[in-house]
*Asks:* 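The following block contains the structure, expressed as structure tokens.
Both backbone and side-chain heavy atoms feed into the values below; hydrogens, waters and symmetry mates do not.
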Amino acid sequence: MGKVSVVMPCYNDGAYIKEAVSSVLAQTYSDVELIIVDDGSDDVDTRSILSDLAASGIRILQSPRIRPAGARNLGIKAAAGKYILPVDADDLIEPDYIEKAVRVLEENPEVGIVYCHANLFGEKNGRWELPNFTVDRMLLDNIVFVTALFYKTDWERVGGFRSNMLHGMEDYDFWLSIIELGRAVYQIPEILFHYRIKPDSRTTTFQADIYNVKEAYRSIYLNHPALYEKYKDQYAMVLREALIQQIHENKKLKKGIVILEKLIRFPILKTIIKKLIMR
């Protein structure tokens with residue numbers, strides 16, 4: 001059973017990082033090191049909290065602002081672990097996540113990525129409804145969050161996270177690179193990860209700009225031509241199914257809009273809708 005290095009990038013996450021650190025220190029797996037990468041934080045409170053964490057013996061690496069991909073690469077390069085688990089500074093993991101994930105890798109040599117079920121907390125609460133993993137679904141969209149366990153040697157083989165993906169999605173790109181190595185993906189059927197939803201985040205900013213979204217997915221496709229060629233038939237089928245589903249949903253939405261337009265002709269409903277909007 002090898003050492004696990006938890007790599008935690010932090011950019012002005014002082015409000016949350018103590019919780020994230022506590023969830024790592026509470027792991028039932030004994031051989032864990034935590035490396036926090038201060039990714040150019042300029043918030044006074046965050047810098048103070050990181051200083052306190054360093055004084056308590058936690059390893060802190062300093063970097064200029066190099067964004068999450070660069071910060072993860074910096075931490076992983078310095079890591080002594082056989083296995084790597086990225087954990088963002090505002091998220092949480094269950095105490096037995098690492099123990100169970102390591103067991104999967106130790107007992108299944110063909111597996112290279114281990115993740116789990118997850119829930120959401122913060123601005124939105126409830127189960128994170130991600131589809132079960134299949135390669136064709138993964139080619140269509142990312143269904144594996146970044147807090148998954150993998151081999152450091154695999155990170156070395158694929159050249160780490162691409163730090164030139166300015167619009168994000170570098171974790172998606174990284175998982176596809178691991179899959180290209182022939183590694184299998186395993187999902188533990190338990191909720192062991194908690195993903196914080198904040199009012200504003202890198203993800204919400206990215207999703208709000210359709211141009212950035214298109215560019216990111218285009219880059220991912222072009223970064224993995226051999227993988228998409230290998231699974232071209234499965235990819236074509238799942239892409240077609242997704243398109244049909246979207247057309248169907250749009251028709252339902254348009255039908256609902258027509259019904260709503262008819263209803264608001266009644267004065268009483270106009271008044272109710274106006275009051276709801278004013279709230």
Side-chain angles (χ1 to χ4, degrees), residues 7 9-13 37 39-40 63-76 86 88-91 113 115 118 120 123-124 128-131 133-148 150 154-155 157-181 183 185 195-247 249-250 253:
V7 175
C10 176
Y11 175 67
N12 293 341
D13 277 320
V37 181
D39 186 22
S63 76
R65 184 79 171 108
I66 52 177
R67 306 172 69 85
R72 291 188 190 110
N73 285 337
L74 180 64
I76 295 169
D88 286 346
D90 55 349
D91 295 330
I113 302 169
Y115 71 122
L120 309 173
E123 292 295 307
K124 181 180 179 181
W128 192 353
E129 298 294 347
L130 290 171
F133 179 86
T134 63
V135 173
D136 52 359
R137 287 175 181 154
M138 190 67 176
L139 292 174
L140 182 65
D141 201 1
N142 189 20
I143 54 177
V144 179
F145 39 76
V146 75
T147 303
F150 56 90
D154 284 348
W155 171 85
R157 289 175 67 189
V158 303
F161 291 88
R162 294 182 199 265
S163 57
N164 62 346
M165 297 188 67
L166 300 179
H167 304 308
M169 304 290 284
E170 67 277 347
D171 54 338
Y172 183 21
D173 179 83
F174 179 71
W175 298 139
L176 292 180
S177 296
I178 299 293
I179 292 168
E180 281 183 303
L181 297 177
R183 292 291 199 178
V185 180
Y195 180 73
R196 188 187 300 271
I197 302 295
K198 296 185 287 190
D200 296 302
S201 68
R202 184 168 175 243
T203 301
T204 56
T205 302
F206 164 69
Q207 292 175 342
D209 190 327
I210 188 63
Y211 173 78
N212 289 343
V213 173
K214 288 179 178 180
E215 281 297 302
Y217 279 92
R218 183 175 184 275
S219 295
I220 286 166
Y221 183 85
L222 294 176
N223 286 343
H224 304 278
L227 188 64
Y228 279 95
E229 176 64 24
K230 180 179 179 180
Y231 294 99
K232 61 182 179 182
D233 292 337
Q234 296 96 316
Y235 180 60
M237 289 301 297
V238 73
L239 192 61
R240 182 176 177 82
E241 289 173 3
L243 179 60
I244 292 170
Q245 180 69 29
Q246 188 63 54
I247 292 171
E249 294 296 328
N250 286 344
L253 179 61

*Asks:* Nearest 0.5 Å please: distance from the CE atom of Met138 over to the OH atom of Tyr231.
*Replies:* 12.5 Å
*Asks:* Within this structure, what is the CD1-NZ distance for the pair Ile210 and Lys214, rounded to the nearest 0.5 Å?
*Replies:* 5.5 Å
*Asks:* Pairs of donor and acceptor atoms involving the side chains of residues 219-230, under 3.5 Å and at least two apart or interchain, shall be tabulated with distances.
*Replies:*
from	atom 1	to	atom 2	distance (Å)
Ser219	OG	Glu215	O	3.0
Asn223	ND2	Asp173	OD1	3.0
Asn223	ND2	Ser219	O	3.2
His224	ND1	Glu180	OE1	2.8
His224	NE2	Asp173	O	3.3
His224	NE2	Asp173	OD1	2.8
Tyr228	OH	Leu139	O	2.8
Glu229	OE2	Lys232	NZ	3.3

*Asks:* Using 0.5 Å steps for rounding, measure from the OG1 atom of Thr147 to the OH atom of Tyr115.
*Replies:* 13.0 Å
*Asks:* Salt-bridge test for Asp13 and Arg196: reply yes if a basic N is under 4.0 Å from a carboxylate O, no otherwise.
*Replies:* no
*Asks:* When rounded to the nearest 0.5 angstrom, what is the spacing between CG in Leu243 and CG in Leu140?
*Replies:* 10.5 Å
*Asks:* Which pair of non-hydrogen atoms, one from Ile113 and one from Ala148, has the smallest distance, and what is that distance?
*Replies:* CG2-CB, 4.0 Å
*Asks:* Test Asp136 against Met237 for side-chain contact (heavy atoms from CB on, under 4.5 Å), laying out the working first.
*Replies:* CA-CA 9 Å; Asp136 52 359; Met237 289 301 297; over 6 Å; no
*Asks:* When you look at Val144 and Asn142, which way does the side-chain contact (heavy atoms from CB on, under 4.5 Å) test go after all the steps?
*Replies:* CA-CA 6 Å; Val144 179; Asn142 189 20; 4.1 Å; yes
*Asks:* Looking at OG of Ser63 and OH of Tyr11, how far apart are the two atoms once the value is rounded to the nearest 0.5 Å?
*Replies:* 11.0 Å
*Asks:* Under the criterion ring pair (Phe, Tyr, Trp, His ring centres under 6.0 Å), which of Tyr195, Trp128, Trp175 is the partner of Phe145?
*Replies:* Trp128
*Asks:* For the residue pair Pro9 and Pro68, what are the closest heavy atoms and their distance?
*Replies:* CG-O, 4.4 Å
*Asks:* From the options Arg67, Arg72, Arg65, select the one residue that forms a salt bridge (charged side-chain N to carboxylate O under 4.0 Å, His left out) with Asp39.
*Replies:* Arg65
*Asks:* Just do the side-chain contact (heavy atoms from CB on, under 4.5 Å) check on Ser163 and Ile66 with the steps written out, would you?
*Replies:* CA-CA 8 Å; Ser163 57; Ile66 52 177; over 6 Å; no
*Asks:* Could you report the tightest heavy-atom contact between Pro131 and Arg137, atom names first, then the distance?
*Replies:* CB-CD, 4.1 Å
*Asks:* Measuring from atom CG of Leu120 to atom CD of Glu129, what distance do you get when rounded to the nearest 0.5 angstrom?
*Replies:* 9.0 Å
*Asks:* Work out which heavy atom in Lys124 is nearest to a heavy atom in Ile197; give both atom names and the distance.
*Replies:* N-CB, 4.0 Å
*Asks:* Quick one, Val158 and Ile178 - any side-chain contact, counting heavy atoms below 4.5 Å?
*Replies:* yes
*Asks:* Closest approach of Met165 and Ala216, non-hydrogen atoms and distance?
*Replies:* CE-O, 4.3 Å
*Asks:* Would you call Ile143 and Phe133 a side-chain contact if the rule is heavy atoms closer than 4.5 Å?
*Replies:* yes
